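Please read all numbers here as calculations on a predicted model, not as lab measurements. Order of the sequence lines sets the chain letters (A, B, ...), proteins ahead of strands, with each chain counted from 1.
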Protein chains: 2
Amino acid sequence: MAPKTRIADVAAAAGVSTATVSRALSAPGVVGPETLKKVMAAVEATGYRVNAAARDLRRQRARSILVLAPNLANTFFSRIIAAIQEVAGQAGLAVQISDSRAGPEVLQSLGHDGRADGIILLDGALPPEVVRGWRLPVVQLCEWNDAYALPALGIDNAAAAGLAVTHLADLGHGAILHVAGPPENVLSRTREAGFLAAARARGVAARVLPGDFTMASGAQAARDWQAMADRPSAVFTASDECAFGFISECARMGIAVPSEVSVVGFDDVEFAGHFIPPLTTIHQPRAKLGRAAAERLVAALEEGVPLKSGHETIAPHLVVRGTTAAAG
Amino acid sequence: MAPKTRIADVAAAAGVSTATVSRALSAPGVVGPETLKKVMAAVEATGYRVNAAARDLRRQRARSILVLAPNLANTFFSRIIAAIQEVAGQAGLAVQISDSRAGPEVLQSLGHDGRADGIILLDGALPPEVVRGWRLPVVQLCEWNDAYALPALGIDNAAAAGLAVTHLADLGHGAILHVAGPPENVLSRTREAGFLAAARARGVAARVLPGDFTMASGAQAARDWQAMADRPSAVFTASDECAFGFISECARMGIAVPSEVSVVGFDDVEFAGHFIPPLTTIHQPRAKLGRAAAERLVAALEEGVPLKSGHETIAPHLVVRGTTAAAG
DNA sequence: CGGCGCAATGTAATCGATTACATCACCCTT
DNA sequence: AAGGGTGATGTAATCGATTACATTGCGCCG
């Protein structure tokens with residue numbers, strides 16, 4: 001009925017001033033118990049809800065955080081965002097999401113229009129000048145970019161690649177092929193570097209084929225691999241999707257996994273455990289990552305805990321399933 | 001550098017009044033060309049960005065829509081949300097997401113705090129009194145609830161079930177098992193009803209087992225089906241996940257799909273086409289649904305186009321892949 | 001040449017909540 | 001009994017942008 005009730009309406013109904021209503025709602029301890037009761041009754045009666053815009057304006061806070069991700073449709077992000085929303089929601093902060101591939105001006109204003117108090121950035125490929133122009137606390141998650149000079153959180157990608165190499169070497173594979181991700185991506189580069197370092201350390205032969213994280217690039221890699229003179233007996237791909245593509249193409253070519261070739265993926269996406277055969281892969285704790293990033297940002301925002309600068313990594317682990325076996 | 005520049009700063013820099021700056025930015029046509037140039041230069045020089053809270057307060061608009069979904073981690077929603085964000089972003093509206101499983105008070109205020117101008121609701125299981133209490137335009141998407149008395153948009157679930165039945169009957173299957181979804185869910189009920197009606201119309205025997213959309217319930221259904229005296233040769237599940245569970249369990253029991261049993265899923269999730277064998281399933285055009293809902297809401301918000309009440313359905317279609325074959 | 005109309009700009013009220021500061025009542029101490 | 005403290009409440013300034021209304025200056029018409 002009442003289209004909008006303002007704090008003044010509540011004050012009138014309760015027979016007190018607006019200041020008292022405001023205090024009753026945000027600091028119940030400082031108003032008298034009698035008054036508190038009256039105010040609460042009036043709030044109930046009028047169906048009052050604070051106007052967020054007015055409060056935000058006065059408080060110079062939006063009680064909201066912004067999550068920026070490239071390609072929101074990517075299922076990799078959904079669990080992360082869910083975890084962020086959970087933590088933020090508990091702290092009473094709203095979560096706004098936006099595609100980080102929007103134009104620079106749009107991105108620029110996102111950090112300046114006062115709609116958000118902080119940003120969680122899941123993209124390492126934005127123009128540094130835009131990112132550095134933001135005057136808000138920002139946490140980089142999963143991907144990062146040193147040019148931003150911002151705190152970052154993610155798994156240790158190099159160590160993760162090492163886990164894959166160790167696992168395969170332990171199974172007796174003397175040569176391993178890595179299907180890399182797009183070269184402009186930090187994650188790709190770190191994983192590839194980690195792979196090469198671990199292979200060298202372990203004394204196994206290393207080969208690398210280009211890729212771009214997609215299923216199609218995995219299938220292409222399978223064909224290229226099949227045509228090699230001396231095929232490595234094990235493959236480590238830069239993403240699960242790529243591994244799926246590789247394995248599917250092998251199936252099409254009549255090559256059995258894992259008996260003829262072992263495959264290790266990266267990410268442990270929802271589906272990895274249900275693929276046939278279930279995929280051995282590096283697990284990225286997405287919920288934990290989302291939660292950790294949100295907790296840090298919320299702490300910075302609510303309690304003024306400064307964000308630790310520099311990289312913080314979470315240890316990944318390998319999930320051994322059905323796509324790896326001892327070398328024949 | 002400048003921690004925050006207000007419109008007054010720009011006005012001072014340009015030597016005009018704040019009113020002129022405001023007009024230059026929001027209605028460039030009404031200020032003189034000279035003045036416009038000066039203002040723009042001043043905006044550039046000071047790095048001014050409007051303060052969204054102040055503008056929202058004054059305009060009584062938030063330029064933001066809220067998407068409410070149960071379980072944001074569910075990958076089914078990510079593509080829908082991406083499409084919503086795309087449409088909203090083009091219209092200059094922010095997208096806020098929240099878990100619809102939050103407490104009633106939280107939900108209540110979401111519709112009243114002035115942070116959002118409209119809501120896209122992906123959940124049909126919220127308390128009707130909360131939903132009806134919102135004084136904002138709301139569009140229900142995918143799921144719906146008649147008690148809300150709100151416009152709804154989704155695929156025609158009954159017709160979709162009919163497509164599955166027709167396909168299987170055409171392949172010569174004389175009996176079909178339906179693994180249903182949770183009975184409290186409208187989608188489950190509509191799909192089941194559509195299934196039964198189509199089976200009756202087509203003259204094929206229909207059986208139903210309970211389920212809840214999950215992979216585990218699909219696996220359980222497979223075991224129950226395996227134990228049946230006269231097993232139907234075809235299965236239609238209420239979700240893709242359920243179909244994956246059914247098929248995986250069949251594989252474990254040594255039953256081949258599709259030669260020994262045909263399976264049709266529902267949703268056409270990202271992974272359906274890459275499952276082995278690729279899943280025959282009902283395709284839900286998620287991007288299209290998200291876009292359509294967002295377009296309607298944006299039109300209602302921006303141009304005052306009233307929301308059509310009642311259900312609006314989009315025709316689904318069947319994607320035939322590798323889990324269905326002619327009855328043996 | 002006086003006045004009307006129009007275009008450009010300025011002045012100040014407004015959106016709704018928060019909060020610094022002022023006020024008041026009451027009690028306690030000396 | 002005067003003075004000082006304490007706790008509860010009211011008054012009014014404030015956050016920053018928008019916009020109704022007022023003002024100014026100029027050209028044009030009769």
* Which listed nucleotide (dA12(C), dA12(D), dC15(C)) is nearest to the side chain of A19(A)? -> dA12(D)
* Charged N to carboxylate O under 4.0 angstrom, R101(B) versus D123(B)? -> yes
* Between atom CG in L57(A) and atom C1' in dC15(D), what is the gap in whole Å? -> 4 Å
* CD/E44(A): more than 12 non-hydrogen atoms of other groups inside 6.0 Å -> no
* Are the charged groups of E270(B) and R286(B) less than 4.0 angstrom apart, N to O? -> yes
* To do: Grab the NZ-P distance between K38(B) and dA8(C) for me, whole Å please.
  => 14 Å
* Asked: Can you check the N51(B) CG to dT14(D) P distance for me, whole Å?
  -> 17 Å
* Structure fact -> Considering only heavy side-chain atoms of T18(A), the closest of dG10(D), dT18(C), dC15(C) is dT18(C)
* Structure fact -> Between R59(B) and A54(A), whichever has its closest DNA chain D nucleotide further toward 5' is A54(A)
* Could you work out which one of dA17(D), dT18(C), dG10(C) sits closest to the side chain of I7(A)? => dT18(C)
* Check whether any side-chain nitrogen or oxygen of T20(A) sits under 4.0 Å from OP1 or OP2 of dG10(D), and answer yes or no. => yes
* Would you say Q60(A) reaches dT18(C)'s phosphate, i.e. side-chain N/O to OP1/OP2 under 4.0 Å? -> no
* Asked: Counting any heavy atom closer than 4.0 Å, what does V21(A) reach on the DNA or RNA strands: base, sugar-phosphate only, or nothing?
  -> nothing
* Within the modelled atom types, does a donor on one side and an acceptor on the other bring the side chain of R58(A) and the base of dG16(D) under 3.5 Å apart? -> no
* Take the protein atom CD of E34(B) and the nucleotide atom P of dA8(C), then report the distance between them rounded to whole Å. => 12 Å
* Asked: When the distance from CZ of R6(B) to P of dT14(D) is rounded to whole Å, what number comes out?
  -> 12 Å
* Asked: Looking across every strand, which nucleic acid part, if any, lies under 4.0 Å from S22(B) by heavy atom: base, sugar-phosphate, or nothing?
  -> base
* **Nearest-angstrom distance from the residue atom CG of D56(B) to C1' of dT14(C)** => 15 Å
* To do: Answer yes or no: does a side-chain N or O of Y48(B) lie under 4.0 Å from OP1 or OP2 of dG16(D)?
  => no
* Has the side chain of R49(A) got a donor or acceptor atom sitting under 3.5 Å from an opposite partner on the base of dG16(C)? -> no
* Do E312(B) and R296(B) meet the salt-bridge criterion of a basic N to acidic O distance under 4.0 Å? -> yes
* **Euclidean distance, atom CZ of residue R115(A) to atom C1' of dA17(D) [Å, nearest integer]** => 13 Å
* For the pair made of CZ in R23(A) and P in dT11(D), what is the distance, rounded to whole Å? -> 11 Å
* Going by an N to O cut-off under 4.0 Å, is there a salt bridge joining E295(A) and K288(A)? -> no
